[in-house]
Amino acid sequence: MHRTRKAAPAVRTARLASCALLATAAALTGCERGSSDGADETATGPSGCPTVQARAREAVTRAERADIPWGGPTSGPEAVSGKSIVYVAQTMTNPGVAGAANGVREAARAIGWNVRVIDGGGTPAGIQAAMSEAVALRPSGIVIGGFDPDSTAQQAARANAQRIPLIGWHAVPDPGPSRQPDLFTNVTTRVEDVARISAQWIISDSDGRAGVVLITDASIPFARNKSDLIRKELTSCQGVRLLSVENIPIPDASTRTPREISSLLSRFQDRWTHSVAINDLYFADAAPAFRAAGEEGSGPPFNIGAGDGDPSAFQRVNSRQYQAATVPEPLSLQGWQIVDEFNRAFAGRPDSGYVAPVHIATAGNSEGATSWDPSGYREAYRTIWGR
């Protein structure tokens, strides 16, 4: 069966209404690693959620603005010379982790520092080995790139003892400094904002009537927290039914996702109208399964990535190929921010306190784009550093 956006107005409304009429109420349960949690019993109703829907539409309209000016720091310490940074990556197959690493490299060239990236390969043993290697190098600073610092507690403690500042990228749930674990700062958008706007996009796009599949990686605390917040926001609309929560570890995405998508299509058929994943990469891996099942790239299901916004995600969105929207992290900006935060640490100054705003990229506002960052950040940081 082929389903397209072009047939949307009547067919889509009918499908979404039928989804809402299948309502039953039940509590949401937790999900275990590598499994679905059976969340298809979530409460819903035939009448949608007019008030929640109107609020969601307003929030989405604001977030779709692409011309967001620089709102970050405009002052700070001048560049400290002769520093070396090691970026420990959870896995460089994660586009967000890799995008932030590329931003760090670019910013390091601008400020005159050396950078080395060590790939943890997405496994606990690999990440621990990468952190051990990083600490042994005795660099000026270490980036915790997309993994839980508690998983490398011994290595982090050695870095702290050697007064090597640690800066996280998506390492803990909240932006800013952390004491347990001890991070000079953690660079990320606010996970609450990303989760909320992703769910609000579904509520707005579906007119408050949707059947949703949520894809997460419960092995990463940051990702699990994000998906829990998405679930919570979706429940604010009584016309939205959470069909399933699929727990697919990111390192297994390429092998697991196509198989799970095929199963979900068979299981839910037309009841499945929307999907949200904690990372865009799942939809790259889902595309072959959708295509094999005869699904049109323009949906349904209409898919939104609640992070990271790598170039391939923009390509799928702009070409309407199995992804309708993404909430992109400003990956290049965040790499530059990491370098600026290290410069503040080296100069004995506090962190900048900057947190980037959320943005939604769709085919209507991101044509030709391969990333999203607020304008003017490179010039701002170069001015701060005297470079």
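Reckoned from all heavy atoms, side chains included, excluding hydrogens, waters and symmetry mates. Remember, it's a predicted structure, so these values are computed and weren't measured experimentally.
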Decide yes or no for Val97 and Thr91: does some side-chain heavy atom of the first lie under 4.5 Å from some side-chain heavy atom of the second?
no
Under a 3.5 Å cutoff, is there a donor and acceptor pairing between the side chains of Ser244 and Glu246?
yes
With a 6.0 Å cut-off (strictly less than), is the heavy-atom count around CZ of Arg291, excluding the residue itself, greater than 12?
yes
Arg116 side chain near Pro139 side chain, heavy-atom distance below 4.5 Å:
no
Heavy-atom closest contact (Ser206 atom, Ile202 atom, distance):
OG-O, 2.8 Å
Evaluate the salt bridge (charged side-chain N to carboxylate O under 4.0 Å, His left out) criterion for residues Asp207 and Arg57: first the C-alpha distance (whole Å), next the side-chain angles of each, then the deciding distance (0.1 Å), finally the verdict.
CA-CA 9 Å; Asp207 294 329; Arg57 184 176 292 115; 3.6 Å; yes
Is the distance between the ring centroids of Phe283 and Tyr322 less than 6.0 Å?
no
Between the side chains of Asp228 and Lys226, is the shortest nitrogen-to-carboxylate-oxygen separation below 4.0 Å, so that they form an ion pair?
no
Only one of Tyr87, Phe342, Phe346 passes ring pair (Phe, Tyr, Trp, His ring centres under 6.0 Å) with Trp113; say which it is.
Phe346
Using every non-hydrogen atom in the two residues, find where Gln200 and Ala59 come nearest and quote the distance to one decimal.
OE1-CB, 3.3 Å
Just list the side-chain donor-acceptor pairs under 3.5 Å for residues 166-174, sequence neighbours left out, or say none.
| residue | atom | partner | partner atom | Å |
| --- | --- | --- | --- | --- |
| Trp169 | NE1 | Gln334 | OE1 | 2.8 |
| His170 | NE2 | Thr188 | OG1 | 3.3 |
| His170 | NE2 | Glu329 | OE1 | 2.9 |

State, yes or no, whether a side-chain contact exists between Asn225 and Val191 at a heavy-atom distance under 4.5 Å.
yes
Does a donor on one side chain and an acceptor on the other come within less than 3.5 Å for Ser84 and Asn114?
no
Should the heavy atoms of other residues, nucleotides or ligands under 6.0 Å from CZ of Arg190 be counted, would the total exceed 12?
no
Is there a side-chain contact between Arg344 and Ile384, using heavy atoms and a 4.5 Å cut-off?
yes
Do other residues, nucleotides or ligands put more than 12 heavy atoms under 6.0 Å from the CD atom of Gln180?
no
Identify the heavy atoms of Gly103 and Trp336 that sit nearest to each other, and give their distance.
O-CD1, 3.6 Å
Are Thr123 and Pro251 close enough that some pair of their side-chain heavy atoms sits under 4.5 Å apart?
no
Shortest non-hydrogen contact from Asn343 to Val80?
OD1-N, 2.9 Å
Looking at Tyr354 versus Trp70, is the centre-to-centre ring distance below 6.0 Å?
yes
